[in-house]
Amino acid sequence: MNSTDFRKMGKEMVDYIADYLDKIEERPVFPEVEPGYLRSLIPDSAPAETQEIEDVMNDVERVIMPGVTHWHSPYFFAYFPTASSYPSFLADMLSDAIGCIGFSWAASPACTELETVMLDWLGNMINLPEQFLARNGEGGGVIQGSASEATLMALLAARMKKIKCLQSENPELTEASILSKLVAYSSDQAHSSVERAGLIGAVKMKTIPSDNRFSVGGEALKQALEEDKAAGLIPFFFCATLGTTPSCAFDRLLELGPICNEENIWLHIDAAYAGSAFICPEFRHLLNGVEFADSFNFNPHKWLLVVFDCSTMWVKNRSDLIGAFKMDPLYLQHDHQESGIITDYRHWQIPLGRRFRSLKMWFVFRMYGVKRLQEYIRKHVQLAHEFEELVHQDERFEISAEVIMGLVCFRLKGSNRLNEALLKNINDARKIHLVPCHLGDTFVLRFAICSRMVESRHIQYAWDHITKTAAKLLRQEGLQRQSASGQVAAAH
Ligand SMILES: *Cc1c(COP(=O)(O)O)cnc(C)c1O
């Protein structure tokens with residue numbers, strides 16, 4: 001394939017993509033395939049000779065599309081959103097073509113410098129305190145691949161910082177003896193990746209019980225700290241969540257922050273989904289208390305129209321990250337690295353290699369503009385409230401958690417078993433797609449506003465499907481109860 005072929009096929013691919021997204025609602029949102037479906041549809045090994053793009057594209061429809069869950073369908077209401085936008089696609093094409101590996105400034109100066117400035121732009125958009133911005137000196141931002149990586153980096157940096165600090169006070173302490181006493185905390189509503197960071201980081205990880213609104217406050221943390229310190233443990237890390245995955249609850253930063261600062265506990269904030277909403281002034285108050293944090297992270301690849309992967313992380317003191325795991329082999333060194341002006345992002349992350357991901361932030365921010373991005377967030381929140389209102393109006397259903405952003409947790413009044421059956425019947429029809437969660441012991445359906453193309457009519461359609469499915473289920477349950485009580489009456 002040469003550049004002439006690429007010009008032609010590239011344009012055809014653009015048409016294919018535009019058609020795919022224009023007509024995505026005609027496809028069933030969830031695929032009807034069995035595990036292992038794909039292997040029998042393609043040969044056992046790669047072809048020895050070249051094949052034509054037409055044949056490959058035909059197989060995309062034959063082999064791939066039947067097994068795709070269409071995350072950008074307006075009937076997709078599962079998990080949390082993942083971003084899709086044309087400016088972001090375009091930027092990623094360019095990033096692929098430049099194809100640099102920007103591990104150091106010298107490895108591709110534009111890749112590093114645009115990232116630093118984009119993290120300042122975005123920090124500004126959400127009114128992050130100046131200490132987190134690179135233009136200010138000590139702090140700065142980095143693009144990680146995912147929120148999970150950001151949490152892990154924060155935990156590992158916090159671990160190293162605590163070990164170094166204790167060893168400087170007591171040089172006889174070994175790393176192993178400190179490690180065995182370190183303990184990290186998060187809410188019992190935190191994402192599983194937080195617990196996993198503790199597993200990978202080989203430290204104890206404890207959950208703090210959330211309150212009846214699913215958020216953690218200062219008292220609960222204090223209690224755990226007192227108990228653990230009395231038992232000889234060393235608290236070093238707390239991961240607060242803004243916008244929990246089950247119900248989009250917010251931990252109370254203004255209570256938690258001062259405690260962490262006082263106890264020398266690294267405060268990391270995971271706002272993976274909800275963070276994007278802080279570009280709207282009316283939601284920014286939910287970030288109050290970020291000034292107490294050591295690190296803060298959210299995913300523009302969830303809700304800010306920048307395609308995966310783009311998880312933005314800021315630290316107040318970049319030397320905490322850089323100093324934690326510095327390696328400097330000769331082949332990665334360059335003339336400017338000690339100047340202090342520029343950044344070598346390889347020290348900020350686990351892998352060495354990194355793509356030119358800031359291009360897609362730059363394209364999206366410029367081609368949408370902050371106002372359009374704010375409108376996008378507001379539309380999703382408004383559609384969530386529209387769905388919430390529909391649930392409220394139907395007395396068979398109840399809302400299970402306060403609706404703050406684009407997520408509605410709801411259920412049929414009744415048993416978990418009834419709601420499990422409802423969810424199964426809804427998803428089996430493949431007209432819309434939802435996932436559940438547990439809130440306490442309660443099985444709850446999550447309705448997340450996800451697609452860039454979702455409109456009021458899709459919400460209405462989804463609700464119509466849910467209520468019809470529920471009515472049928474309740475009718476069956478009623479008949480079963482009747483026949484069961486009939487049998488009991490007959491037996492008497
Ligand atoms: C989605 C989510 C994550 C995981 O995000 P990744 O970028 O896929 O690692 C972590 N925390 C919360 C609160 C989330 O909602």
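Heads up: numbering here begins at 1 and tracks the sequence. Both ligands and their constituent atoms are indexed starting at 1 by order of listing.
- Between Arg457 and Glu25 there is a salt bridge, since a side-chain N of the basic residue sits under 4.0 Å from a carboxylate O of the acidic one.
- Under 4.0 Å is where a charged nitrogen must lie from a carboxylate oxygen, and between Asp228 and Lys204 no such pair does.
- Sorted by chain and number, the heavy-atom contacts of ligand 1 below 4.0 Å come from Phe80, Ser146, Ala147, Ser148, His191, Ser193, Thr241, Gly243, Thr245, Asp270, Ala272, Asn299, His301, Lys302.
- Remark: His72 engages no residue in a side chain to side chain donor-acceptor pair (under 3.5 Å) (not counting sequence neighbours).
- Checked against a 6.0 Å centroid threshold, the rings of Trp303 and Phe80 do not count as neighbours.
- The distance between the ring centers of Phe447 and Phe77 falls below 6.0 angstrom.
- We find that Arg357 and Glu115 are not joined by a salt bridge, their nearest charged nitrogen and carboxylate oxygen being 4.0 Å or further apart.
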